[in-house]
Amino acid sequence: MISVAEAQKIILGEVSVMGEERVLLPEALGRTLCEDILSPLNHPPWDTSAMDGYAVRFADTKTASRDTPIQLKIIEEIPAGTLPQKTVGQGQAAKIMTGAPLPQGADAIVMVEDTEKNGDVTTIFAAPEPGEFIRRKGEGIHEGECILNKDIRLRAPEIALMASVGKAVIPVYQRPTVAILSTGDELADLDEPRGPDKILNSNGYGLAAQVLETGAVPINLGIARDNKDHLMAKMRAGLSADFMLISGGVSMGDYDFVIEVLEALKVTMKFWKVAMKPGQPLAFGIRGAQPIFGLPGNPVSSMVSFEQFVRPALLKASGRTQILRPVITAILEEEFSKQPGRQQFVRAVVSVKDGEYWVRSTGNQGSAILKSLVLANAFMILPPEGDTLKAGEKVAVQLLSEIAEAAG
Ligand code: AMP
Ligand code: MG
């Protein structure tokens, strides 16, 4: 049986990065840039005032103070969004608002709080520094500058930055499509009537949500029954997606036909089992360029396997370079008993106390107990070797959410 690391390596070796497309700026949130972004303009486009106040000549105002105020004639008002019409000459000032262009002749701003207006005369009570409260043309961004590098994930600040230089259409990698098939005679979907012999198909919904969280596009193929013909027909419908996920039917049970049907569909199987807990049955194959995952049916095993194998694959396909969750070291809060054998992913809570990470299990680790996954913000990653771990031991922990959230 191969290890988690070996399985990840095989999978990532088969995944290629998606093609490129152009999307409107508001649609670009969460996408990955596929080209560097150069600014076509300066920001700000002219010298601007950073304050509401008066545009003045430093030479005229350098001796101003409360005791020795200076009076200047107001020659015009420049609200934001208006270009100045006049040049500020000796003994003159222009009233100016934040963000308005600096008029010719002026070389400093005195903020309105240090002035008093009387008709068309302003009294200045404080001397500015030369250039004070002036934002210089191109100070934030200069024309031709690379403002964002390719392969970064676009968050709100990047959207704002691109808007500030007029980028309305953004080059990004395409989002992979992911067909999701749930298998099992015992399953019913939420919108169908169900008899007492059925359980609800939670994997279909959980996996679709996990796919969406990576930025990829889920395609729900519904439920396939545990017979080869129905499985084959349902799987065929997923062959045109970029990826396919099939949950259940990959173990050794009498009705586990997924592997057989994949082989009949000419899928080249790369491996079938991974030495991990939860989630030992995991089949991976390739058909043309399509990676196909046979995920374990147990709800937690399915989601943990997605986390370790499918998520990195989808992020790689989406053009991301940071594809693995961060792993930190934390101190075990209480004893955790385990058996030697397989690498274990323990649903856990990480918190920060006195500047150190602490971690504890979220309780019952049964592979159908979704509640203990809901409570988790991390997985303890425990090696196959060794048994019970004592309180105070250091363990590797994979963070499932941002460190700040995890520490909350
Ligand atoms: P299997 O690998 O098909 O034998 O499934 C293992 C266990 O997971 C069984 O108890 C199934 O009922 C359960 N299971 C399989 N698929 C799903 C699903 N889509 N939603 C919820 N439970 C499932
Ligand atoms: Mg089954």
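Positions are given from 1, in the same order as the sequence printed here. When a ligand or atom number is given, it counts from 1 through the structure's own listing order.
Nearest approach of Gln174 to Glu21, heavy atoms of both residues: CA-OE2, 3.6 Å.
Across the listed options Gly297, Ser202, Gly249, Gly249 owns the non-hydrogen atom lying nearest to atom 3 (O) of ligand 1. The nearest non-hydrogen atom to atom 4 (O) of ligand 1, considering only Asp189, Leu370, Asp256, comes from Asp256.
Here the side chain of Thr82 pairs no donor or acceptor atom with the backbone of Ile78 at under 3.5 angstrom. Checking side-chain atoms of Ser302 against main-chain N and O of Asn298 turns up no donor-acceptor pair under 3.5 Å.
Each of the following atoms of ligand 1 lies closer than 4.0 Å to a heavy atom of Thr183: 16 (N). Residue Gly248 has at least one heavy-atom neighbour below 4.0 Å for each of these atoms of ligand 1: 2 (O), 3 (O). Taking every non-hydrogen atom of Leu200 and a distance limit under 4.0 Å, the qualifying atoms of ligand 1 come out as 20 (N), 21 (C). The atoms of ligand 1 that sit less than 4.0 Å from any heavy atom of Asn201 are 18 (C), 19 (N), 20 (N). Taking every non-hydrogen atom of Ile199 and a distance limit under 4.0 Å, the qualifying atoms of ligand 1 come out as 12 (O), 22 (N).
Nearest non-hydrogen protein atom to atom 6 (C) of ligand 1 is Asn298 N, 3.8 Å. Closest to atom 9 (C) of ligand 1 among all protein heavy atoms lies Glu186 OE2, 4.0 Å. The shortest contact between atom 17 (C) of ligand 1 and any protein heavy atom is with Asn203 ND2, 3.3 Å.
Between the side chains of Asn364 and Ser372, no donor N or O sits under 3.5 Å from an acceptor N or O.
Salt bridge present: Glu333 and Lys353 bring a charged side-chain N and a carboxylate O closer than 4.0 Å. Under a 4.0 Å N-O distance rule, the pair Glu186/Lys198 does not qualify as a salt bridge.
Residues Val178 and Val217 fail the side-chain proximity criterion, which asks for heavy atoms closer than 4.5 Å.
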